[in-house]
Amino acid sequence: MSEPVKQLELSHEQCWSQICDVLKQEIGESAFKSWISPLSLGDFKGSKLVLVVPTKFMSDWVKANYEKKIIHILKLLHSPIQEVVFQVVGAKSFANANTLNQTSDQVDAATGKLISIAPNIEAAELSKEEIISEGLDASGAKLDQRFTFDNFVVGKSNELAHAAARRVADADQVTFNPLFLYGGVGLGKTHLMHSIAWHIRTNSPGRKVLYLSAEKFMYQFIRALRFKDTMSFKEQFRSVDVLMIDDVQFIGGKESTQEEFFHTFNALVDQNRQVIISADKSPSDLEGMEDRLKSRLGWGLVADIHPTTYELRLGILQSKADNLGVSVPIRVMEFLAHKITSSIRELEGALNRIVAHSDLIGAEITLDSTQNLLKDLLRANDRKITIDEIQRKVAEHFMIRVSEMNSSRRSRSVARPRQIAMYLSKHLTGASLPEIGRKYGGRDHTTVMHAIKTVQKFLIEDMAFSEDVELLKRMLQN
Ligand code: ADP
Ligand code: MG
């Protein structure tokens, strides 16, 4: 073997190992095991990171879901690698990864399209632990112990979804069908669904509950097709009292799975069984979904989970710290709640990291150590505020239209908000004065400068005005 070239940069192996660490934190153990663990590093290609993937299906999936994240992490690592290349090698080289899978490619009987299945999903599929309800074959998913109603913190952004979930969990009869929960990543959809399942399992053990991701639903369907066993597939799904399908957006564009899902769904609803669905978008906004399915999904109660508020984030941190049995200084929690706004999963990950760190080195958790430890995460969460956003928020606040703000009108009712918006644009974005001027109906940079000066003057002289601007600023930064 030749000597490795000496360089300051991380080697490809080091990069990959760091990427794996970060991804595991971000996407969770089980997704990591399903999608990232089976990948291996291919031959070095300078500025490329070559990842060897067992199947085309898996390659498409990882590309669609994780490629951006991987590139983002590479940037954080200051790596010169700019591109990720997925190299599909036949499943045979991965034969020992899964003894059940003879060949991983097959044809979807309904669409005639070639489908590949990642072998490890199949292996995971058959694990006994994953069976959540007696009397059912390996079809459910493992319920997370932590995902109970007791551990769910309720705030403005999720109160409707929470109330609906509780209602469904408590009711012996079907109230609304389906219950459709939707919201962005990491906002608690899966947590609520597992909570319902736990609750029913504990309180009405006679009811059969089945929880699974849409991805697993599809997988099982394809498997049933392959083994020509669609009868028992249908039977299995249609004999439950409560069916929960998580992340239904996954079957967008997958026609035959949708078709089967539609029939299963109808059969259950017709028999007055409860169906609970989650997705990242509302039924009507789901992409690649048949119209009749979209409309059917919206028939019951549609409850959305909004992005979190600062208060909810703080509440969640407090509750998680209590559960971990650690005391985290309030200032640190406030800092985290303020800075990590993207998803609760990330917020939780951050808390776990600082707790684990202090545990390991036996040092107290401080604001300084937190900032240090979470540098990469904090940078990724530094939101870029845009001028458009500022205009929208300011216009909304003063109850005028954005078009009015950018018009040539000079009356005070629009001129003052316009000046404030310009001031905020200067302070919250990296835009130059001429750029700002252009965004406000093509005004000159001297007009922008004048606006900023005027606002600065009022900030000193007028308390109410200054509070208004401060409030807007905080809203935009949250
Ligand atoms: P989603 O399914 O919407 O992507 P999850 O349900 O997986 O999100 O939630 C991500 C993480 O955040 C989980 O660890 C979950 O326990 C936690 N979480 C989300 N919402 C809440 C909440 N309201 N209270 C406590 N923990 C929450
Ligand atoms: Mg989820």
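Start at 1 and go down the list; that is how both ligands and their atoms are numbered.
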Cut-off 3.5 Å, side chains only: do Ser319 and Asp322 have a donor facing an acceptor? no
Check residues 157-173 and write down every donor-acceptor pair under 3.5 Å in which the side-chain atom is one partner and the other belongs to a residue at least two apart or another chain.
residue	atom	partner	partner atom	Å
Asn158	OD1	Gly155	N	2.8
Asn158	ND2	Val153	O	3.2
Asp170	OD1	His199	NE2	2.9

Charged N to carboxylate O below 4.0 Å: is that the case for Glu260 and Lys234? yes
Protein N, O or S atoms less than 2.8 Å from the Mg ion (ligand 2), ignoring waters? Thr190 OG1
Quick one, Glu26 with Arg353, criterion salt bridge (Lys or Arg N to Asp or Glu O under 4.0 Å). Give me CA distance, side-chain angles, the key distance, then yes/no. CA-CA 12 Å; Glu26 275 192 17; Arg353 241 157 101 181; over 6 Å; no
State which residue, out of Phe262, Phe233, Phe250, fulfils the ring pair (Phe, Tyr, Trp, His ring centres under 6.0 Å) condition with Phe217. Phe233
Are any side-chain N or O atoms of Ser204 and backbone N or O atoms of Gly206, one a donor and one an acceptor, separated by less than 3.5 Å? no
Atom pairs and distances, side-chain donor-acceptor, residues 66-75, under 3.5 Å, sequence neighbours left out:
none

With hydrogens left out, which residues have an atom under 4.0 Å from ligand 1, given that only heavy atoms count? Phe147, Asn151, Phe152, Val153, Asn158, Gly184, Val185, Gly186, Leu187, Gly188, Lys189, Thr190, His191, Ile316, Lys320, Ile344, Arg345, Glu348
Looking at Arg146 and Glu348, is there a salt bridge between them, counting it only when a charged N and a carboxylate O are closer than 4.0 Å? yes
Side-chain donor-acceptor contact under 3.5 Å, Glu334 with His338: no
